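One structure is given below, encoded as structure tokens.
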Protein chains: 2
Amino acid sequence: MKKKPATIKEIARRLKISPSTVSRALNDHPSIGLVTTMRVKKVAEELNYEPNQTAIFFKQRRTFTIGVILPSLSEPFFSSAISEIEKVAGEHDYTVLMGQSHDDAARELKILQTFKKHRVDGILMSLGKNTEDLSFVEMLNDAEIPIVFFDCVPKIEGVNKVYSDLATGMREAIQAFASIGHQNIALINGPANLLASQERAAAYKNGLESERLVYNERYVIHTDLTEQGNVEAIDKLLTLPQRPSAIVSFNDFVTLDVIKYVRQKGLVQKKDVFFISYANYPLWKYMENPPMGSIEQYPDQQARKAAEILFNRIGSDDQVEPETVVFESKLVLK
Amino acid sequence: MKKKPATIKEIARRLKISPSTVSRALNDHPSIGLVTTMRVKKVAEELNYEPNQTAIFFKQRRTFTIGVILPSLSEPFFSSAISEIEKVAGEHDYTVLMGQSHDDAARELKILQTFKKHRVDGILMSLGKNTEDLSFVEMLNDAEIPIVFFDCVPKIEGVNKVYSDLATGMREAIQAFASIGHQNIALINGPANLLASQERAAAYKNGLESERLVYNERYVIHTDLTEQGNVEAIDKLLTLPQRPSAIVSFNDFVTLDVIKYVRQKGLVQKKDVFFISYANYPLWKYMENPPMGSIEQYPDQQARKAAEILFNRIGSDDQVEPETVVFESKLVLK
DNA sequence: TTGTAGGCGTTATCAG
DNA sequence: CTGATAACGCCTACAA
């Protein structure tokens, strides 16, 4: 147990006045005389007084803290996102409690419990890739802790979510490929159970249609997003009788593995095979042979919007209808 | 203000027993009868009772929260570090409050203040590149909030610090260069005021000496670590009458810019010019032409050690002597 | 084995 | 303008 710092009572004792007066003086309450206020502030200064926030949190039933749960900060997408969240939180005088799920649903739940214990005023969350059980949403509802999902959001209705519409970027990607003559465009997709994968799949199909290209289901491969999975995926595509000449992949990490493998196989990028993926990570600008393009998903805009929605809810205690905000994704050519 | 969840009092009322009994029952106090305990727990369950941590924090003068301040999560070094910190914190049932300084001393201070307000039990910190004023250390001391620095640590004595000895890696780098015949080895260093730069400079000099190579001060260039600064630095080296054939640079980010520039100039890496830098970021494995090597600084080990020291201090209230732990850095060839 | 009372630091209400 | 009192939820010595 720690030594106790100066309190309002202590100041009151020294000045031989009541704690309530001190409290009011410190808060510049209009009804307190100027002299008293000054004297109080002077002593407070001397004693290095600092209000005990834990007491205030306790009394006010508010912690001025939000919790942020995301899969992994090693993904540039999320480190951008959290920077923006921190910024918005700061603007509202809030602090950020952080937790990485590493795509582990159990960890996710544990972090949520901890946040709840710590009585955070709200939660921002991007789901892990394996999260199936969404019952925690109800639990948070019961506890009246608002939550806003972003990027990787649940399929269910009735929750706040902010995400990017993967279809716009996909359409642009396929257009870009088609416009330079590609007919055989493949998709290396993520795990089939992911909403993000399903959306990519649908958008891919639509994209081909609008370009009047045939959909060939052998051109859609799934990877579990591990390096090995990625390599197996590209290998499958390369060994098809009719090899695709252009490939959209789940994200830039996949493309990194894939490009490396293709290079090892002696194929030349942007000649033998063309790539576009999601995420638009900054590292491409350093690569000697970057992919043809990458689809920007605007992590900071998503994060900011999500945070703003959250603070909106924290501010107004009456139930507001859940919000859904969708950003367009956008192809960026390299 | 929020609706109040179930409290101990509420349970007591329902059971017509006293709150203290409920409290004890919930904490498995031995003096409470088994039946009572069960009945209490049952009702607690029904009411979805959850202890109000803010009350407990308040009473115990402990928040089970540590604050972590680091320059930027977009650097892989720090995102590794924070993952490890989170892990250690979890092992101690602690939660992590997060703040990025973005190398801005004012922001750093503001985050520190916030952490202090929130009454964190301890702080882990890696200094920003421009932090000169270290008076906050004393302030934290007065507030009895232990702090452990890691990676970018202050030069002063009497604080806990964990960092990596840059000299070992530098020696290996210069040896590696010398062993394949390089005589003209340059250093692209960071800002001169940085401890990290000074150490690199000293180690560079020593390294040359042990290899009996001459030290040429024109081979030491400083960059402010912006892209432009990095490009200017390499340009200066390339336009020297006697161009260096090998270059150690401040970190991998610098090397990325530099390699790109060199490539634009038509020079070939690992032929016209060889590179080694600090950090050993994972991205090299994807590059077509990675640098010759990178010096690993073990962010996770540093972070873990720092966190362990911190929790040690948090555990024991008596003053322990400040600790300093140094890890060796190590060259990893690509 | 259980209950009572007091306190952690702050603030809001009511009374002077 | 200022003071006394109670209350936030929990814990714990002390009393019964």
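The chains referred to below are lettered A, B, ... by the order of the sequence lines, with proteins before strands, and numbering in each begins at 1. None of the values given here were measured: they were computed from a predicted structure.
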Can you tell me how far [atom2] of [Y] sits from [atom1] of [X], rounded to the nearest 0.5 angstrom?
X       : Y        : atom1 : atom2 : result
B:Gln53 : B:Gln60  : CD    : CD    : 8.5 Å
A:Phe57 : A:Asp121 : CZ    : CG    : 8.5 Å
B:Ile11 : B:Glu45  : CD1   : CD    : 10.5 Å

Let me have the donor-acceptor pairs involving side chains of residues 67-78 of chain A, under 3.5 Å, with sequence neighbours excluded, atom names and distances please.
from, atom 1, to, atom 2, distance (Å)
A:Ser72, OG, A:Ser74, N, 3.1
A:Ser72, OG, A:Ser74, OG, 2.8

Please state how far atom [atom1] in [X] lies from atom [atom2] in [N], giving the value in whole angstrom units.
X        : N      : atom1 : atom2 : value
A:Ile11  : C:dG9  : CD1   : P     : 12 Å
B:Leu15  : C:dT2  : CG    : P     : 11 Å
A:Glu10  : C:dT10 : CD    : P     : 11 Å
B:Leu34  : C:dT1  : CG    : C1'   : 13 Å
B:Arg119 : C:dC8  : CZ    : P     : 14 Å
A:Arg62  : D:dG9  : CZ    : C1'   : 19 Å
A:Arg61  : D:dA7  : CZ    : P     : 13 Å
B:Gln53  : D:dC10 : CD    : P     : 10 Å

B:Ser31, nearest nucleotide to its side chain (from C:dT2, D:dC10, C:dG9)
C:dT2

Using atom names, set out every protein N or O paired with an N or O of nucleotides 11-15 of chain D below 3.5 Å, distance rounded to 0.1 Å.
from, atom 1, to, atom 2, distance (Å)
D:dC11, OP2, B:Ser23, OG, 3.2
D:dA13, N6, B:Arg24, NH1, 3.2

Using the six-membered ring for Trp and the full ring for Phe, Tyr or His, decide whether B:Phe58 stacks on the six-membered base ring of C:dC8 (centres under 5.5 Å, planes under 30°).
yes

In this structure, which one of A:Thr63, A:Thr95, A:Thr54 forms a side chain to side chain donor-acceptor pair (under 3.5 Å) with B:His118?
A:Thr95

Would you kindly compare B:Ile17 and A:Ala6 by the position of their nearest DNA chain C nucleotide and give the one closer to the 5′ end?
B:Ile17

So, does A:Thr7 get its side chain near the phosphate of C:dG9, meaning an N or O under 4.0 Å from OP1 or OP2?
no

Does B:Ser18 place a side-chain N or O at less than 4.0 Å from the phosphate oxygens OP1/OP2 of C:dG3?
yes

Give me the ring orientation class for B:Phe311 and B:Tyr94: parallel if the planes are under 30° apart, tilted from 30 to 60°, perpendicular past 60°.
perpendicular

Across all chains, not counting sequence neighbours, the side-chain hydrogen bond (donor to acceptor under 3.5 Å, both in side chains) partners of B:Arg39 are none

Using a heavy-atom cut-off of 4.0 Å across all strands, would you classify B:Thr36 as base, sugar-phosphate, or nothing?
sugar-phosphate

